Structures are given as structure tokens and as C-alpha cells.
There are 2 protein chains.
Amino acid sequence: MNHQSADAEVARPRRRVSNVDESRAVIISAAAECFMRKGLDKATIDDIADEVGSTKGRVYHHFRSKNAIFFAVYRRAMELCFEAVEPVFASDSPAAQRLEGMAHAHAMVMMEHLPFQRGIRSGVEMYLHGSTTAAERETLTELIGIRDEYERLFRRVLEDGVADATLEVDDVPIVGRAILGALNGLTDWYRPRTGESGAEREAIARSLTRTVLNGVVRR
Amino acid sequence: MNHQSADAEVARPRRRVSNVDESRAVIISAAAECFMRKGLDKATIDDIADEVGSTKGRVYHHFRSKNAIFFAVYRRAMELCFEAVEPVFASDSPAAQRLEGMAHAHAMVMMEHLPFQRGIRSGVEMYLHGSTTAAERETLTELIGIRDEYERLFRRVLEDGVADATLEVDDVPIVGRAILGALNGLTDWYRPRTGESGAEREAIARSLTRTVLNGVVRR
DNA sequence: ACCAACAACATACCGAGCAGTATCTTGTCA
DNA sequence: TGACAAGATACTGCTCGGTATGTTGTTGGT
């Protein structure tokens with residue numbers, strides 16, 4: 001019976017893959033939460049398992065190692081950044097406006113996905129401190145590449161701003177890092193208030209964006 | 001004999017204390033270096049001992065625990081910041097000029113004492129992640145207080161700027177954090193070049209300072 | 001309808017790395 | 001010269017990443 005498809009041995013559904021991805025995603029979120037609360041090193045695999053109400057077995061069924069989990073968190077964090085910022089970057093407004101939108105979007109992502117964004121800070125650490133296997137180091141290099149690509153979005157809009165005369169930048173790389181530094185600092189001091197904070201976050205993002213765009217000197 | 005002071009049993013010199021302090025200072029510097037290279041958690045006591053060409057015994061002779069070493073590094077880091085920035089803050093120029101000097105000085109400290117300054121980032125982490133003894137937590141609270149006091153220097157100069165109309169700030173705390181975030185980001189990306197870099201550092205500090213003061217929008 | 005077979009976990013265990021300690025040695029003072 | 005600081009050596013106990021193995025539910029073939 002079961003002749004829905006005559007002889008389609010190829011591309012067989014192979015269980016509900018969606019469920020697998022979801023299970024992975026749940027673990028990744030739990031890991032991000034743990035990394036934020038206890039730090040990358042002090043968070044244990046058991047902590048992550050507890051967070052999802054499970055045991056080590058489940059975690060290691062989906063991930064090779066603790067580093068592999070961290071890489072997944074890192075990757076997701078960068079995805080969230082790109083999803084929010086790249087559309088603004090790709091729009092066709094003057095550079096100054098695009099930069100404003102990008103800074104605002106970046107700030108919002110920082111606040112709304114705090115656990116993920118805090119995780120990636122520690123990631124740069126690990127990259128420098130070595131002590132990973134060859135395969136892991138390869139993955140890390142790739143992830144660092146993604147981050148560099150993201151930073152490049154900000155540098156390019158700065159260059160565009162010099163070109164269309166809406167921005168004034170003496171040293172594009174350094175200024176780019178200054179802007180991202182000001183925004184990334186959110187992960188150090190921002191903590192979500194209990195209760196509604198959507199509008200509050202908007203206000204914070206606006207203040208930060210204003211500062212990086214206009215500075216503080218009265219004109 | 002030894003009647004330099006008739007019967008001064010009190011306040012006896014008690015060996016060469018300077019030597020003790022120096023030994024401590026050497027360990028603290030070595031620890032800062034290790035914390036920077038391998039991260040706070042992955043740096044071991046043996047690493048620190050190796051860095052000074054010694055053994056664990058020496059380290060534990062001067063420090064109760066690994067956390068105690070970290071606290072010393074943190075404290076020294078804050079001292080370096082205050083020594084550089086507070087004189088500028090206390091000068092009697094217009095607020096805009098003082099802020100410029102403070103930002104520049106802070107940036108220079110970040111670069112010139114990179115190991116120390118990187119260490120204190122992880123410190124905030126620890127504070128949040130608990131897992132310290134009661135005594136340690138008390139010390140940590142004190143250190144966090146020092147850091148807050150330091151941040152307050154920047155907030156106060158911002159307020160002064162609003163008062164003397166040289167600065168334009170909508171939200172002092174947030175803008176203060178934005179500025180410090182932009183400058184502290186140095187610890188994430190600045191690495192000392194081999195060879196002379198004093199002038200290079202000045203240039204970086206100037207670009208950062210210009211950006212936080214004037215922003216990037218062309219006027 | 002039944003049963004391999006495999007995925008998706010749980011349980012039990014191991015061993016390395018490392019903070020902390022206990023003890024021993026030596027140089028340096030009074 | 002004895003007493004203590006300064007440091008070296010040797011050892012321990014525990015945490016935690018990783019593994020090996022056991023259990024169960026689901027599925028696809030017959």
C-alpha cells in the first residue's frame with residue numbers, strides 16, 4: 001500500500017525534522033540564558049540541562065561539546081543582528097539617516113535579546129585565548145568573519161556618509177568601533193525592568209543613537 | 001643597644017615592608033597579564049606563578065584566594081583610571097573642555113594598561129553571577145562602589161556642561177554610559193603594535209574623543 | 001498487527017584539571 | 001641563634017566536561 005509516491009526513495013521526510021530543530025533551539029536559548037547569568041565558563045552543561053528541565057543526555061545528543069553550544073549561540077546572536085540592521089543598511093536613504101536607523105535597530109536588538117548578545121562578548125575572548133581544537137578554531141574563524149562582516153556594514157555606511165556629505169568622519173574604522181562600543185555597552189548595564197519596558201527601550205535606544213550621531217557638544 | 005628610639009616598641013619597622021608590597025605588585029601585574037591572555041576563569045594560579053617565575057606557594061603566601069588576586073587587580077585598575085582622569089575633572093575649564101580631556105585620558109589609560117582594564121570587565125560579570133563568599137561579596141560591593149564613583153565623574157561633568165551651556169545632553173546617565181562604552185570598547189579591539197605606538201595611541205584617543213564629543217553628523 | 005531499527009532522551013560513571021592546603025626549606029632580621 | 005617571613009614542594013578533594021550505556025517512544029516496512 002502506501003504508494004503516495006511511486007518510488008520516491010529520494011528526499012524521504014526522515015521524521016519530523018522541525019521537532020529536532022526546535023529541541024536544538026530550546027537548548028540554545030537556555031544556554032544563552034545560562035551564559036548570561038553565570039558567565040560562559042561558570043555555566044555548566046548541567047545548568048543548561050536544568051534550564052530546559054532535562055538532563056545532560058539530551059544536550060549531548062544535540063551538541064558535540066560545550067563549545068559547540070556556544071558557537072550556536074554566537075551564530076544566532078549574529079543572525080538577530082543582521083536581521084534587524086541589514087534591511088536598514090540596504091535602504092536608499094542618505095547615509096546619515098541609514099546610520100541612525102542602524103544604530104537604533106542595533107540598540108534594540110541588544111536589549112531585546114540580551115542573553116544572546118552578552119554571550120558573543122565572551123566569544124572574542126575565547127578566540128584570543130586559544131585552547132580550542134583545530135576543528136573548533138575553524139568554526140570560530142568563520143564566526144569571527146561574520147562579526148567582521150557585520151562591523152563592515154557600519155563602516156560602509158560611514159564611508160557612504162563621507163561620499164554623500166551627510167557625515168563627517170576622520171577615521172572610519174575607529175569611529176565605527178566607537179559607535180558599536182557605545183551601543184554594545186548596553187550589554188554591560190542594561191537590565192530589563194519588570195513590567196512594560198517596550199517604550200522605555202525605545203527611549204534608551206533614541207538617547208544612545210542621538211549621542212553617537214550628534215555628540216554632546218552644544219553647537 | 002638599638003636605642004634609636006628609647007623604648008619605641010610601638011610602630012616598629014617590621015622588616016622591609018616595601019619589599020612585601022613590591023612582591024605583591026609583581027604578582028598583581030602578572031595576574032593582570034594572565035587574566036588578559038587566558039581570561040579570568042581559564043587563567044590558573046600556576047599560570048600566574050609561572051609568569052613571575054615562581055610557584056603557587058609564593059602566590060598563596062600573599063593572597064588568600066584567586067578572587068583576592070582579582071580584587072587587587074580590579075582595585076589597581078580603578079586607581080590608574082582615577083589618577084589619570086580626576087585631575088582633569090578637577091580643573092577649572094569649561095565642562096566641554098574637561099570632558100574632552102577626561103575622555104582622552106581615559107582612552108590612554110585603557111591602552112597603556114590594557115591588562116588591568118580588561119580584567120575589570122570580567123569583574124562586573126562575577127558580581128552578577130554571585131558564587132562568592134560573604135566576605136568576598138562585601139569587597140566586591142566596595143569595588144563596584146569605586147567604579148560607580150568613577151562613572152559619576154563623567155556624569156557630573158555632563159551636568160556641569162548643561163549648566164554652563166557648553167554641552168547638550170538629554171539623558172545624563174545614558175549618555176555617560178554611551179561615552180564610557182565607546183571608550184571601554186578599546187579593551188575589545190585595541191592591541192599594542194610592536195614598535196613605537198605612543199603617537200599612534202594619541203591618534204586613536206583623539207579620534208575616539210572627537211567622535212564622542214562631536215558625533216558624526218555633518219553640520 | 002507486529003517488529004526491527006533508530007532517534008531522543010535518561011543514568012551512571014570517569015578522569016583531568018585546578019583551587020586550596022599542609023608541610024618543608026632557607027634567608028634574614030633582632 | 002632562634003624566630004619568623006618568604007617561598008618551594010607535595011598533596012588533596014571536588015567540580016565538571018565528556019563518555020558509555022541503558023530505556024522508551026515512534027516509524028516504516030511487511
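Naming convention: chains lettered A, B, ... in sequence-line order (proteins, then strands); numbering from 1 in each chain. Please read these numbers as outputs of a predicted model, since none were measured by experiment.
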*Of all residues at least two apart in sequence or in a different chain, which pass the side chain to side chain donor-acceptor pair (under 3.5 Å) check with B/Tyr150?*
B/His106
*Hey, does the side chain of B/Thr44 come within less than 4.0 Å of C/dG17's phosphate (OP1/OP2), counting only N and O?*
no
*Hey, is the side chain of B/His61 poking within less than 4.0 Å of OP1 or OP2 on D/dA6, counting only N and O atoms?*
yes
*Rounded to the nearest angstrom, tell me the gap between atom CZ in A/Arg24 and atom P in C/dA8.*
11 Å
_Nearest-nucleotide pick for B/His62, side chain only, options being C/dG20, D/dG7, D/dG17_ = D/dG7
*What is the distance, rounded to the nearest whole Å, between atom CZ of B/Arg58 and atom P of C/dT26?*
18 Å
*Between C/dA19 atom C1' and B/Ile48 atom CD1, what is the distance in whole Å?*
11 Å
*Taking atom C1' of C/dC18 as reference, at what distance in whole Å does atom CD1 of B/Ile69 sit?*
13 Å
*Rounded distance in Å - CZ (A/Phe63) to P (D/dC16)*: 21 Å
*Identify, with sequence neighbours excluded, every residue that meets side-chain contact (heavy atoms from CB on, under 4.5 Å) alongside A/Thr55.*
none
*Check salt bridge (charged side-chain N to carboxylate O under 4.0 Å, His left out) between A/Glu151 and all other residues, then give those that pass, not counting sequence neighbours.*
A/Arg147, A/Arg155, A/Arg177
*asked:* Checking contacts here: which listed nucleotide (D/dG18, C/dT21, D/dA8) is nearest the side-chain heavy atoms of B/Tyr60?
replied: C/dT21
*Over how many whole Å does the gap from B/Lys66 atom NZ to D/dC14 atom C1' extend?*
15 Å
*asked:* For a quick check of understanding: with a heavy-atom distance under 4.0 Å over all strands, which category does B/Ala68 fall into, base, sugar-phosphate or nothing?
replied: nothing
_Selection: residues 49-57 of chain B, any non-hydrogen atom under 4.0 Å of DNA chain D_ = B/Ser54, B/Thr55, B/Gly57
_Partners passing salt bridge (charged side-chain N to carboxylate O under 4.0 Å, His left out) against B/Asp50 (at least two apart in sequence or in another chain)_ = none
Between side-chain atoms of residues 74-90 of chain A and protein atoms elsewhere (two or more places apart, or another chain), which donor-acceptor pairs fall under 3.5 Å?
residue	atom	partner	partner atom	Å
A/Arg75	NH1	A/Glu142	OE2	3.0
A/Arg76	NH1	A/Glu79	OE1	2.8

*Side-chain donor/acceptor of B/Lys66 to backbone N/O of B/Asp41, under 3.5 Å*: yes
*For atom CG of A/Asn67 and atom C1' of D/dC16, their distance in whole Å*: 14 Å
*Taking atom types as modelled, is there a side-chain donor on B/Ser91 or B/Arg98 under 3.5 Å from an acceptor on the other?*
no
*For atom CG of A/Asp46 and atom C1' of C/dC14, their distance in whole Å*: 14 Å
